[in-house]
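To start, the structure itself, in C-alpha cells.
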Amino acid sequence: MTRWTLPPEQIPSAWFNVVPHLPSPVQPPLHPGTREPVGPADLAPLFPMSLIEQEVSAEPWIDVPGEVLDILRLWRPTPLQRAVRLEQALGTPARIYFKDESVSPAGSHKPNAAVPQAFYNAREGIRRLTTETGAGQWGTSLAFAAAQFDLELKVYMVRASFGQKPYRRIAIETWGGEVVPSPVDEPDHPGSLGAAISDAVRDCVGRDDTHYALGSVLNHVLLHQTVVGLEAREQLGLAGETLPDVVIGSCGGGSNLGGITFPFVPDESVRLLAVEPLSCPTLTQGRYDYDFGDTAGLTPLMPMYTLGHDFVPPSIHAGGLRYHGDSPLVSSLVKDGRMEAAAYPQGKVFEAAVQFARSEGKIPAPETGHAIAAAIDEALAAKETGEERVILFNYSGHGFLDLAAYDDYNNGRLDDEMG
C-alpha cells in the first residue's frame with residue numbers, strides 16, 4: 001500500500017498551537033508609529049477579534065468552528081502517499097512520504113487558512129476583504145473561501161506573477177474576486193509581496209466594511225495550517241511508522257512549512273527543515289531583527305529573519321516564496337536551533353521537480369519543488385550511509401498553472417543565476 005487516507009469525520013477538530021512548545025518565547029509585534037507592543041485595538045482595523053485572539057493565544061489547542069469543518073471536508077483529510085517510484089529511481093533505503101495538499105479546490109494548502117479567515121470576518125459582519133498574492137495560490141484560495149461566505153474580494157497580485165500566471169488571475173475572477181497588478185502606483189516595477197501587502201493594507205484601512213487577510217507569516221495563519229501535520233501524524237501511524245526522521249517544507253512566509261512541521265515540534269528526535277530559494281535566502285542569509293512586514297512600513301514590526309522590507313527579490317517562478325521576511329514562529333525555531341534551513345537555486349529545484357513528475361506522475365508547483373529537492377538530498381544522504389531514514393515533506397501544491405515555468409526549464413530558458 002502506498003496511499004493512506006482518513007475518513008472525513010477524522011479531520012482534526014482543533015488546531016495545534018506551537019507557542020507553548022517553543023524553546024523561547026517570541027517577542028511581541030511593535031506598533032509602526034510608537035514602536036510599543038501592539039495591542040488588540042491596534043489590529044482591529046485589519047482583523048476580526050477572533051483572529052486577533054488566536055494571534056496572541058498561548059492555549060495548546062484551539063477549536064475549529066463547525067462551519068469551517070464543513071467546508072474543509074470538501075477535500076480534507078488529504079492523502080498521505082509514499083513515493084516508492086522516486087525511492088527506486090534514487091536507489092535509496094529511505095522511505096519518502098508526502099502529504100498531498102494539491103487536492104484542494106485551489107490546488108494548494110492555502111485554503112486551510114483562507115476558509116477560517118473568511119468565516120471569522122463574515123461572522124463579524126465584514127463584507128469585503130483585501131489581500132496580496134505572490135504566485136496566486138493564496139489569491140485563488142481566498143477567492144474560493146470568500147465565495148463560500150458571500151464576501152467581496154480585492155487581490156493585489158505581484159506584477160511579475162500577474163504576467164507569468166494569467167490562469168491564476170482567471171481563477172480568482174471566476175470565484176468572484178477582483179485582481180490587479182501590484183504595486184498599483186509603479187507600473188514598471190516587478191513587484192514584491194511586501195509591496196502588495198502595502199497596497200492591500202492601504203485599501204483596507206480606508207473602509208469600514210473591509211478587513212485585510214494575510215496568507216502566511218502571522219501566527220493565526222500558521223495555526224490554521226496545522227491540520228496538515230496533524231493528519232500526517234495519524235497517517236504515518238497507519239503506514240506503520242512511529243515518527244519521521246525529518247519533516248520538510250518549502251518556506252516563503254512559513255505557512256505550509258508551519259503546517260507540516262509544527263505538530264512535530266514537541267518530538268525532539270524529529271529534525272525539521274525549512275527550504276527557501278537561493279535568490280531570497282531569508283532564513284539562511286538574513287538577519288534576525290524587528291522589521292516591517294510590508295514595503296511601505298504600514299504593518300507592525302515583527303521579530304523575524306529578514307532581508308530588509310525594501311528588498312525586491314528577482315522574478316523567479318516560485319512567486320509564493322519571494323518574501324523578504326519569515327514567520328516570527330518559524331524564525332524563533334530557527335534562531336533557537338530547533339529547525340534547520342537550506343537554500344536551493346532555481347535550476348536544481350526544477351531538476352528535482354521534473355524527476356518527481358517523471359517518477360511519481362505529479363507535476364509540482366515551483367514552490368513545492370524546493371521541498372522535493374531537499375527530500376531527494378536527504379534520501380541520497382541515507383543512501384550514502386545505508387540508513388532507513390523516514391522522510392516526510394509537504395506536497396504543497398500542483399504545478400498545472402505554472403507550466404510556463406516548466407516550458408522555460410525544458411527549453412533552457414530558465415535563469416539559474418537569480419537563484
Side-chain angles (χ1 to χ4, degrees), residues 26-47 51-52 55-56 113 117 129-134 138 155-161 182-186 189-206 210-222 251-255 257-258 274 276-277 279-314 319-332 334-335:
V26 177
Q27 298 303 303
L30 303 180
H31 190 281
T34 66
R35 304 294 171 109
E36 295 294 319
V38 165
D42 298 314
L43 298 175
L46 297 177
F47 306 113
L51 293 182
I52 295 171
E55 186 67 20
V56 299
Q117 288 196 50
L129 295 175
T130 65
T131 197
E132 77 295 324
T133 195
W138 172 246
V155 179
Y156 294 87
M157 189 170 184
V158 172
R159 183 170 272 103
S161 292
S182 166
V184 292
D185 53 358
E186 296 182 67
H189 194 293
S192 68
L193 278 167
I197 292 170
S198 295
D199 282 336
V201 170
R202 281 194 200 95
D203 181 330
C204 161
V205 296
T210 300
H211 270 168
Y212 167 67
L214 187 65
S216 193
V217 180
L218 295 181
N219 298 3
H220 68 266
V221 183
L222 277 67
C251 186
S255 68
L257 171 70
E276 59 187 11
S279 65
C280 194
T282 314
L283 294 170
T284 52
Q285 297 181 36
R287 69 183 192 279
Y288 186 81
D289 199 0
Y290 270 101
D291 196 11
F292 295 103
D294 71 316
T295 302
L298 302 175
T299 64
L301 293 117
M302 293 179 288
M304 60 184 179
Y305 282 99
T306 176
L307 296 167
H309 63 276
D310 53 358
F311 176 78
V312 178
L321 305 186
R322 294 201 319 255
Y323 186 56
H324 68 272
D326 269 297
S327 153
L329 296 177
V330 168
S331 296
S332 176
V334 172
K335 177 176 65 73

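Worth saying up front: this structure is predicted, and the values here are computed from it rather than measured. For reference, positions follow the sequence shown, starting with 1.
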Original post:
Taking it one step at a time, do Y305 and V330 satisfy side-chain contact (heavy atoms from CB on, under 4.5 Å)?
Top reply: CA-CA 9 Å; Y305 282 99; V330 168; over 6 Å; no

Can you tell me how far apart [atom1] ([X]) and [atom2] ([Y]) are? Round to the nearest 0.5 Å.
| X | Y | atom1 | atom2 | result |
| --- | --- | --- | --- | --- |
| T306 | H324 | OG1 | NE2 | 4.5 Å |
| D326 | K335 | CG | NZ | 14.0 Å |
| T130 | D199 | OG1 | CG | 9.5 Å |
| L222 | L329 | CG | CG | 6.0 Å |

For [X] and [Y], which I'm curious about, is there any donor-acceptor pair between the side chains at under 3.5 Å?
| X | Y | answer |
| --- | --- | --- |
| E132 | S182 | no |
| W138 | S216 | no |
| H31 | E36 | no |
| Y156 | D203 | yes |

Is a side-chain donor or acceptor of [X] paired with a backbone partner of [Y] at a separation under 3.5 angstrom?
| X | Y | value |
| --- | --- | --- |
| R159 | G191 | no |
| D294 | T299 | yes |
| Q117 | L214 | yes |
| T295 | A195 | yes |
| E276 | C251 | no |
| D42 | G39 | yes |
| H220 | A113 | no |

Subject >> Non-hydrogen side-chain atoms of V26 and S331 separated by less than 4.5 Å >> reply: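 When only atoms from C-beta onward are counted, S331 and V26 do not touch, as no gap falls below 4.5 Å.
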
Subject >> Minimum-distance pair of heavy atoms, taken over all atoms of P40 and I52 >> reply: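 P40 and I52 have their closest heavy atoms at O-CD1, 3.8 Å.
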
